[in-house]
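By convention here, the first residue in the shown sequence is residue 1. We count ligands from 1, going down the list as the structure has it; atoms in each ligand are counted the same way.
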Amino acid sequence: MIRGFSLAVHGGAGVLHRDCMTPEREAEYHAALDRALSAGEAVLDTDGSALDAVTQAVCALEDDSLFNAGRGAVFTRDKQQEMDASLMDGSNRRAGAVAGIFGPKNPILAARSVLENTDHVFMIGEGALAVARTAGLDFEDKDYFFTQERWESLQDTLKMHAEGTLDDDPARRHGTVGAVACDRNGHLAAATSTGGMTAKRSGRVGDSPVIGAGTYADDATCAVSATGDGEAFLRLCVAHEIEARMRLTGVSLEHAAADVITTELTALSGTGGIIALDCNGAITMPFNCKGMYRGWTVEGDGRKTAIY
Ligand code: ASP
């Protein structure tokens with residue numbers, strides 16, 4: 001079946017407060033989201049797969065230091081960067097994920113190499129890096145991944161910790177990138193990549209690389225990529241919870257997603273959101289916080305981006 005494609009991307013739910021956002025900065029975010037959409041669209045527009053489209057869109061976001069993934073990832077309390085990524089192909093429910101890695105320029109490609117070149121779904125540590133090296137992926141050093149802004153966020157967070165004044169400002173603490181797509185053959189895919197939470201403990205893993213929590217895709221129902229307080233998303237298995245509600249009760253994606261984010265997530269005092277699309281390519285993007293960097297396109301309808 002040939003049909004129109006759909007694509008959505010996010011750059012995290014940790015948006016800057018409106019009073020800290022300059023018009024120049026806002027324009028940079030919109031332009032970066034548009035570039036990611038354009039990278040995914042280039043795949044879908046030439047009859048490429050949803051899996052390739054979400055991979056390319058997330059690579060573009062990882063390469064942009066505005067977002068907390070790949071270049072520009074946040075720092076752990078030990079002053080390191082540990083990155084998590086996952087992706088899932090809804091056509092066969094194959095998945096690949098990596099956690100706590102440093103080195104591959106694009107962590108999402110490391111997750112993809114786990115999907116393509118191993119019998120496993122989820123890898124960490126030296127084993128994950130070895131798979132990425134064997135796949136011939138580009139590696140980068142500390143200078144490439146470092147940004148002054150993330151470094152200062154770490155210092156601010158550690159100072160607040162020490163003074164007992166730690167707030168829960170999502171703009172300082174987290175962020176993540178992700179993409180969901182429906183290709184012209186009706187196949188779905190989802191991908192998510194993150195540096196995690198500022199000042200996280202070394203070895204902490206959030207929801208982003210966990211299939212069913214931060215990422216899920218099944219052609220029969222939907223594709224989901226999440227962003228927000230990882231611990232709450234893990235406890236709720238957000239992405240799979242939305243999928244399961246659709247499959248088991250027949251509710252629409254919009255209904256399932258809105259209920260899980262506004263009711264369940266809020267009940268656990270978690271903040272964040274998701275981008276998702278169903279097997280007809282209909283997109284929904286609920287969040288329960290001030291904003292979520294996001295963009296979307298439906299074939300023939302142009303690219304759109306939003307923050308608040
Ligand atoms: N969910 C991510 C994590 O917990 C952070 C985020 O999306 O903002 O690592």
Under a heavy-atom criterion of less than 4.0 Å, does [X] contact ligand 1?
X    : value
G228 : yes
A13  : no
R204 : yes

Is the closest side-chain donor-acceptor distance between [X] and [Y] under 3.5 Å?
X    : Y    : value
S91  : D89  : yes
H10  : S225 : yes
N106 : D138 : no

By number and element, which atoms of ligand 1 are closer than 4.0 Å to a non-hydrogen atom of [X]?
X    : result
G196 : 9 (O)
T227 : 6 (C), 7 (O), 8 (O)
S208 : 1 (N), 2 (C)

- Hey, does G230 come in under 3.5 Å of ligand 1, counting only N/O atoms on both sides?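 Looking only at distances, the answer is yes, because the N/O contact criterion of under 3.5 Å is met.
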
Heteroatom proximity flag, G175 to ligand 1, N/O under 3.5 Å: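 Yes - when backbone and side-chain N and O of G175 are compared with those of ligand 1, one distance drops under 3.5 Å.
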
Can you tell me how far the NZ atom of K304 sits from the CH2 atom of W296, to the nearest 0.5 Å?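 Result: 7.0 Å between the selected atoms.
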
Exercise. Is the closest side-chain heavy-atom distance between F139 and L129 below 4.5 Å?
Worked result: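 F139 reaches L129 side chain to side chain.
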
- For atom 5 (C) of ligand 1, state which one of V177, L234, T176, V238 supplies the nearest heavy atom.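 Going through V177, L234, T176, V238 one by one, T176 has the nearest heavy atom to atom 5 (C) of ligand 1.
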
Over 60° means perpendicular and under 30° means parallel, so classify the ring planes of W151 and F146, tilted if in between.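 F146 and W151: tilted rings.
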
Atom 1 (N) of ligand 1 [closest protein heavy-atom partner, distance rounded to 0.1 Å]: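 Of every protein heavy atom, D207 OD1, 2.6 Å lies nearest to atom 1 (N) of ligand 1.
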
Item to check | With T176, the side-chain hydrogen bond (donor to acceptor under 3.5 Å, both in side chains) member among N68, D84, T194 | outcome: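 Option passing the side-chain hydrogen bond (donor to acceptor under 3.5 Å, both in side chains) with T176: T194.
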
